[in-house]
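Note that ligands are numbered from 1 as they come in the structure, with each ligand's atoms numbered from 1 the same way.
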Amino acid sequence: MKPINVGLLGIGTVGGGTWTVLSRNAEEIARRAGRPIRITAVADRDVALAQRVTGGAARITADAFELVRDPEIDVVVELIGGYGIAKDLVLTAIENGKHVVTANKALLAVHGKEIFAAAQAKGVTVAFEAAVAGGIPIIKALREGLSANRIEWVAGIINGTTNFILSEMRDKGLPFADVLKQAQALGYAEADPTFDIEGVDAAHKITLMSALAFGIPVQFDKAYVEGITKLEATDIKYAEQLGYRIKLLGIARRRQAGIELRVHPTLIPTKRLIANVEGAMNAVLVQADAVGSTLYYGKGAGAEPTASAVIADLVDITRLATAGAEHRVPHLAFQADQLVDLPILPIEEVQTAYYLRMRVEDKTGVLADITRILADGKISIDAMLQKEPGEGESQTDIILLTHLAIEGQVNAAIARIEGLATVVGKVTRIRLEELN
Ligand SMILES: NC(=O)c1ccc[n+]([C@@H]2O[C@H](COP(=O)([O-])OP(=O)(O)OC[C@H]3O[C@@H](n4cnc5c(N)ncnc54)[C@H](O)[C@@H]3O)[C@@H](O)[C@H]2O)c1
Ligand SMILES: N[C@@H](CCO)C(=O)O
Ligand code: NA
């Protein structure tokens, strides 16, 4: 049968992996897709790299625009990254009637509305399994596998770089900067690693999952984003003593008043499976009304795991090209004219539990003052850890875990606690999710 012709934009980490896996498993992939899938042309500004990887088995160009307009190309795979040129390339490919596969979560989280609308109007597909949790088929699960359910929440460890950093810091006591360098060398980190460590990459991914889970538009600008750069080793240690691990979690949760969409370091009970996801591994936990909770685990970054998702999308598109466009699955799980505009709740209205650490003068009555302030704010305490002052010290740490509370009220209580003469400096506040 006539092969489907793929034009590959960018042959770096993921592009290289895609080339390798597609070459290695060509026969088996063709048996699944119904037709051979061939990368016939590659555009990379590093022409020498493209020649090295392909060994002359594809046409190479430095001009990506030439490739997205090439009438011989059926599907464009965009693996350049970023919101810049990638956006123009994807829109031009769509305009030229080509299906698109991309791993670019930044592009879709920020410009998804425009890109999906353009694809819908043109009758082509933009597939993005690789954009969320790399090789884990979470897009397919949310879009197809769980389509009977009312999804309540999605929570995931969806950035390999930060999970790798947190694991290595905890287990080996290695400094942050060294571990970040390792993550970059292993090909996990984004071109700009601040996207990883400041939580932006995870926010791109949870934004996409929130659209798929709740049938809302893609709204990255409304996500609350907090990374791991301010996390202190002391809190990782105290959390362990209380039976929790700290993970950078992306959370999308349905509430009465709207949707919570947030990324931040989070205490999770160590006994939960997801708390034991270590290194560059990713995991996504989905709570839905009929099936209950389901957990998806695997490699969220790296050349071949990400290529696995890119190629699965290529297989879907190849089958679709044969079967006819009427078999298309909606990009965001819900029909394009059925999206609802549920508000994204501001972070002050979010409801979660909290870990609070404060340094206090070791005097009687301190704890009573603190608990009174919390009670005034309708914040109840679930657990407490009070350290003995060190030899010759007059100050000590108090760590409190709260039950569910409204963030705005917790912030107000923290301000009052910090105003107490017996409380030294700032209160450290980390959110906590029981995930049950
Ligand atoms: N690396 C991962 O583990 C991973 C996982 C999931 C998703 N992603 C996403 O996949 C995409 C690619 O990431 P990567 O890690 O493979 O990046 P990379 O930097 O390794 O590869 C990008 C390639 O694009 C080429 N390129 C850059 N600008 C170009 C231009 N204007 N024209 C032509 N070629 C150009 C570069 O020369 C390079 O070879 C990004 O969107 C990234 O977020 C990466
Ligand atoms: N930089 C990303 C790549 C996968 O999307 C991560 O570390 O998870
Ligand atoms: Na995926």
Side-chain angles (χ1 to χ4, degrees), residues 7-19 42-50 52-53 60-68 77-90 101-110 127-143 156-166 180 182-202 204-205 208-209 212 227-228 248 250 279-284 296-313:
L8 178 61
L9 311 179
I11 194 159
T13 303
V14 183
T18 301
W19 177 272
V42 176
D44 199 299
R45 63 180 174 196
D46 188 343
V47 169
L49 168 76
R52 207 164 51 244
V53 177
I60 309 291
T61 172
D63 179 7
F65 281 99
E66 183 242 301
L67 200 149
V68 294
V77 176
E78 184 279 306
L79 298 173
I80 288 176
Y83 329 98
I85 189 174
K87 182 185 176 200
D88 294 339
L89 287 167
V90 166
V101 176
T102 180
N104 193 337
K105 54 268 164 159
L107 175 66
L108 295 180
V110 176
F128 56 100
E129 183 60 79
V132 182
I136 304 174
I138 186 63
I139 300 297
K140 192 145 228 162
L142 287 168
R143 198 181 53 205
I157 296 171
I158 44 181
N159 182 268
T161 302
T162 44
N163 204 50
F164 180 71
I165 292 173
L166 291 177
L180 173 58
Q182 272 186 51
Q184 287 176 294
L186 289 163
Y188 303 147
E190 293 304 297
D192 176 356
T194 58
F195 272 37
D196 295 295
I197 60 179
E198 296 299 355
V200 178
D201 177 70
H204 289 147
K205 293 165 178 165
L208 290 170
M209 288 197 284
L212 288 152
I228 62 165
L248 183 70
M281 301 305 278
N282 279 197
V284 181
Y296 308 84
Y297 170 80
K299 288 188 178 156
E304 292 204 8
T306 312
S308 167
V310 168
I311 296 166
D313 279 345

Nearest non-hydrogen partners of [X] and [Y], listed with the distance:
X      : Y      : value
Leu180 : Pro193 : CD1-CB, 4.1 Å
Glu129 : Ala309 : CG-CB, 3.7 Å
Tyr188 : Ala301 : CD2-CB, 3.9 Å
Leu8   : Gly15  : CD2-O, 3.8 Å
Leu79  : Ala103 : CD2-CB, 3.5 Å

**Request:** Give a yes or no on whether the backbone of Ile80 and the side-chain of Glu78 come within a donor-acceptor separation of less than 3.5 Å.
**Result:** yes

**Message:** For the backbone of Gly82 and the side chain of Asn104, can you confirm whether one donor and one acceptor N or O come within less than 3.5 Å of each other?
**Reply:** yes

What atoms in ligand 1 come closer than 4.0 Å to a heavy atom of [X]?
X      : result
Ile85  : 31 (N)
Gly81  : 40 (C), 41 (O)
Ala130 : 6 (C), 7 (C)
Leu49  : 39 (O)
Asn104 : 41 (O)
Ala301 : 3 (O)
Gly10  : 23 (C), 24 (O)
Glu190 : 42 (C), 43 (O)

**Message:** Is it true that Thr194 and Asp192 share a donor-acceptor pair across their side chains at a distance under 3.5 Å?
**Reply:** yes

**Asked** Does Gly302 reach ligand 1 with a nitrogen or oxygen that is under 3.5 Å from one of the ligand's nitrogen or oxygen atoms?
**Response** yes

**Message:** When you compare ligand 1 with Thr13, is there at least one nitrogen or oxygen pair between them that comes in under 3.5 angstrom?
**Reply:** yes

Starting from [atom], what is the nearest protein heavy atom, named by residue and atom, and what distance separates them?
atom                    : result
atom 34 (N) of ligand 1 : Arg45 N, 3.1 Å
atom 38 (C) of ligand 1 : Asp44 OD2, 3.5 Å
atom 1 (N) of ligand 1  : Gly187 O, 3.1 Å
atom 44 (C) of ligand 1 : Val14 CG2, 3.5 Å
atom 22 (C) of ligand 1 : Leu79 O, 3.6 Å
atom 32 (N) of ligand 1 : Ile80 CD1, 3.7 Å
atom 21 (O) of ligand 1 : Gly12 CA, 3.3 Å
atom 10 (O) of ligand 1 : Ala103 CB, 3.5 Å

**Message:** Taking side chain to side chain contact (heavy atoms under 4.5 Å, CB included) as the criterion, tell me which of Thr162, Ile158, Asp196 meets it with Asp201.
**Reply:** Asp196

**Request:** Kindly determine whether Lys105 and Glu190 satisfy salt bridge (charged side-chain N to carboxylate O under 4.0 Å, His left out), including the steps that lead there.
**Result:** CA-CA 11 Å; Lys105 54 268 164 159; Glu190 293 304 297; 3.0 Å; yes

**Message:** Ring-plane angle category for Tyr83 and Phe195, please: parallel below 30°, perpendicular beyond 60°, tilted otherwise.
**Reply:** tilted

**Item:** Lys105 to ligand 1, any heavy atom closer than 4.0 Å
**Value:** yes

**Prompt:** Tell me, which residues have any heavy atom less than 4.0 Å from some atom of ligand 2?
**Reply:** Lys105, Asn159, Gly160, Thr161, Tyr188, Ala189, Glu190, Asp196, Asp201, Lys205, Gly300, Ala301

**Complete:** Checked the Na ion (ligand 3): protein N, O or S atoms closer than 3.0 Å come out as Glu129 O, Glu129 OE2, Val132 O, Gly134 O, Ile136 O

**Item:** Any non-hydrogen protein atom less than 4.0 Å away from atom 8 (N) of ligand 1
**Value:** yes

**Item:** Heavy-atom protein neighbour under 4.0 angstrom from atom 19 (O) of ligand 1
**Value:** no

**Prompt:** After noting the C-alpha distance and the side-chain angles of Asn282 and Tyr297, does the key distance pass the side chain to side chain contact (heavy atoms under 4.5 Å, CB included) rule?
**Reply:** CA-CA 6 Å; Asn282 279 197; Tyr297 170 80; over 6 Å; no

